[in-house]
There are 2 protein chains.
Amino acid sequence: MFNTLDRKDQLTIVAQQLFKDKGYAGASMRDMAQNLGIEAPSIYNHVASKQELLSSICFNIANEYLSIIKQIKKSGYNHPALILQSIIEAHIKVVTENIEASAVFHNEWRFLEEPNYTQFIEMRSDYEDYVESIIKEGVSKSIFKTNNTKLCTLSLLSTLNGIYHWYNPKGDLSAREISHNILNLFFLGLKR
Amino acid sequence: MFNTLDRKDQLTIVAQQLFKDKGYAGASMRDMAQNLGIEAPSIYNHVASKQELLSSICFNIANEYLSIIKQIKKSGYNHPALILQSIIEAHIKVVTENIEASAVFHNEWRFLEEPNYTQFIEMRSDYEDYVESIIKEGVSKSIFKTNNTKLCTLSLLSTLNGIYHWYNPKGDLSAREISHNILNLFFLGLKR
DNA sequence: CCTACCGATCGGTAGG
DNA sequence: CCTACCGATCGGTAGG
């Protein structure tokens with residue numbers, strides 16, 4: 001499993017798994033060392049602190065989300081429904097391709113220390129605000145209809161972010177199928 | 001704040017807050033004692049262990065959800081859309097009235113020890129299965145339309161469960177308004 | 001990458 | 001409800 005990865009990458013993978021399973025406070029550097037077959041102090045040859053492991057995991061994912069925005073802006077799309085569809089598809093891609101890191105991103109960010117803590121919240125806010133701005137635009141163009149764009153945004157993101165709870169990469173439901181179904185649900189609703 | 005509560009109830013409230021803020025592993029019995037103005041060992045006059053605090057918080061909420069099912073069955077409702085609406089409203093009521101406990105319920109249940117761990121998962125599954133059964137019934141009666149009732153259920157529950165992340169009891173958005181908007185979104189969709 | 005080790009903190013107990 | 005204290009474990013350092 002680790003054959004082609006250097007120690008630092010191995011360490012990151014182990015940290016993602018352990019932070020997910022035991023939480024930041026509950027996962028010890030000794031746990032990680034054991035998973036790598038080395039002694040705990042040896043970890044510090046590859047990383048400065050437990051906190052650095054956490055922040056690199058969290059900001060990796062945060063950057064994935066922010067690069068979704070950049071890509072969409074570069075694409076030249078201007079129809080709100082098309083843009084929102086692209087966001088949803090890209091977001092689901094990030095979650096399904098980074099399940100462990102997504103779990104850490106969502107559950108353990110609160111253990112980030114300053115200034116990382118504040119920066120993380122700002123990056124997440126930027127993304128949420130962007131998604132909401134697309135929904136607002138859709139409402140103003142009468143393409144979307146909702147009483148409360150903020151609540152609508154949070155509901156959508158909760159659904160997308162919740163995927164890591166149940167997604168199985170070896171299961172029979174692909175990221176594409178998930179996207180298709182969630183798009184249908186949020187665009188057209190459950191009632192017929 | 002604590003005037004009318006006995007020590008055990010005070011302790012539960014403090015534990016909910018600290019488990020939410022610092023996680024189960026990160027919140028210490030000494031933290032709780034300090035919040036109550038007593039010494040750590042005194043806590044053990046009211047509770048047998050840290051684990052007992054966690055399990056009582058988690059099962060309290062789990063029982064709230066299961067009692068939603070009981071109430072609906074007692075009500076005699078048989079129209080799937082009406083039942084699903086009742087579930088959504090009751091679910092949002094539980095979350096908004098128990099924000100801290102809901103956060104613990106969702107983030108810290110994995111620290112439950114056996115047999116509580118297994119029992120908790122079963123109770124949560126029972127609830128999810130019930131919600132899905134209502135959606136399935138709606139599909140079979142051509143009231144609802146979805147390709148994947150499981151995914152639809154998980155999406156809805158992710159949205160409902162995500163409310164504790166942002167809900168502010170002193171804010172301007174009431175539980176009733178949240179219910180109304182989420183119902184609209186899930187039943188009718190965003191597109192018009 | 002290791003051994004040896006640090007001070008701090010943990011959940012919990014004994015005994016009053 | 002307290003003081004005094006237990007063994008275990010923590011993140012991390014020194015030095016090689």
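Chain naming here is simple, since letters A, B, ... match the order of the sequence lines and numbering starts at 1 in each. Keep in mind that what you see is a predicted model, and the values were worked out from it rather than measured.
In this entry the distance linking CG of A:Asp6 with C1' of C:dC1 reads 15 Å, nearest Å. Rounded to a whole Å, the CD atom of B:Glu113 is 13 Å from the P atom of C:dG11. If you take OH of A:Tyr44 and P of D:dC10, they are 11 Å apart, rounded to a whole angstrom. If you measure from atom CG of A:Asn45 to atom P of D:dA14, you get 13 Å, rounded to the nearest angstrom. Counting to the nearest Å, the P atom of C:dC10 and the CD1 atom of B:Ile43 are 11 Å from each other. Here C:dC10 presents its P atom at 18 Å from CD of B:Gln51, a figure rounded to the nearest Å. Separating the CG atom of A:Leu36 from the C1' atom of C:dC2 is a distance of 15 Å, rounded to the nearest angstrom. The separation between B:Leu18 atom CG and C:dG11 atom P is 11 Å, rounded to whole Å.
Side-chain rings of B:Phe186 and A:Phe186 approach one another, their centers coming within less than 6.0 Å. In this structure, B:Phe120 has its ring center under 6.0 Å from that of B:Phe105.
Taking each heavy atom of A:Pro80 and A:Ile134 in turn, the nearest pair found is O-CG2, 3.6 Å.
Near DNA chain D, meaning a heavy atom under 4.0 Å from it, residues 19-32 of chain B has no residue at all.
Of the possible donor and acceptor atoms, one in the side chain of A:Gln10 sits under 3.5 Å from a partner among the backbone N and O of A:Leu5.
If B:Gly37 and A:Pro41 are placed on DNA chain D by their nearest nucleotide, the residue sitting closer to the 5' end is B:Gly37.
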- prompt: How would DNA chain C look in dot-bracket form, 5' to 3', counting Watson-Crick and G-U wobble pairs with both distances under 3.5 Å and writing | for bases paired to another strand?
  reply: ||||||||||||||||

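Residues B:Asn107 and B:Tyr164 are in side-chain contact: their nearest non-hydrogen atoms beyond the backbone lie under 4.5 Å apart. The shortest distance between side-chain heavy atoms of A:Leu190 and B:Leu84 falls below 4.5 Å.
Counting only heavy atoms from C-beta on, A:Ser42 has its side chain closest to C:dC2 among C:dC2, D:dG12, D:dT3. Of the candidates D:dG12, D:dC2, C:dC1, C:dC1 carries the atom nearest the A:Ile38 side chain, counting heavy atoms from C-beta on. With distances taken from any side-chain atom of A:Lys50 to the nucleotides C:dG12, D:dG12, C:dC2, the minimum falls on D:dG12.
When the shell of 6.0 Å around NZ of B:Lys150 is examined, it contains more than 12 heavy atoms from other residues, nucleotides or ligands. No more than 12 heavy-atom neighbours from other residues, nucleotides or ligands sit within 6.0 angstrom of NZ on B:Lys73.
Side-chain contact of A:Glu114 with A:Thr118: a donor-acceptor pair under 3.5 Å is present, judged by distance alone.
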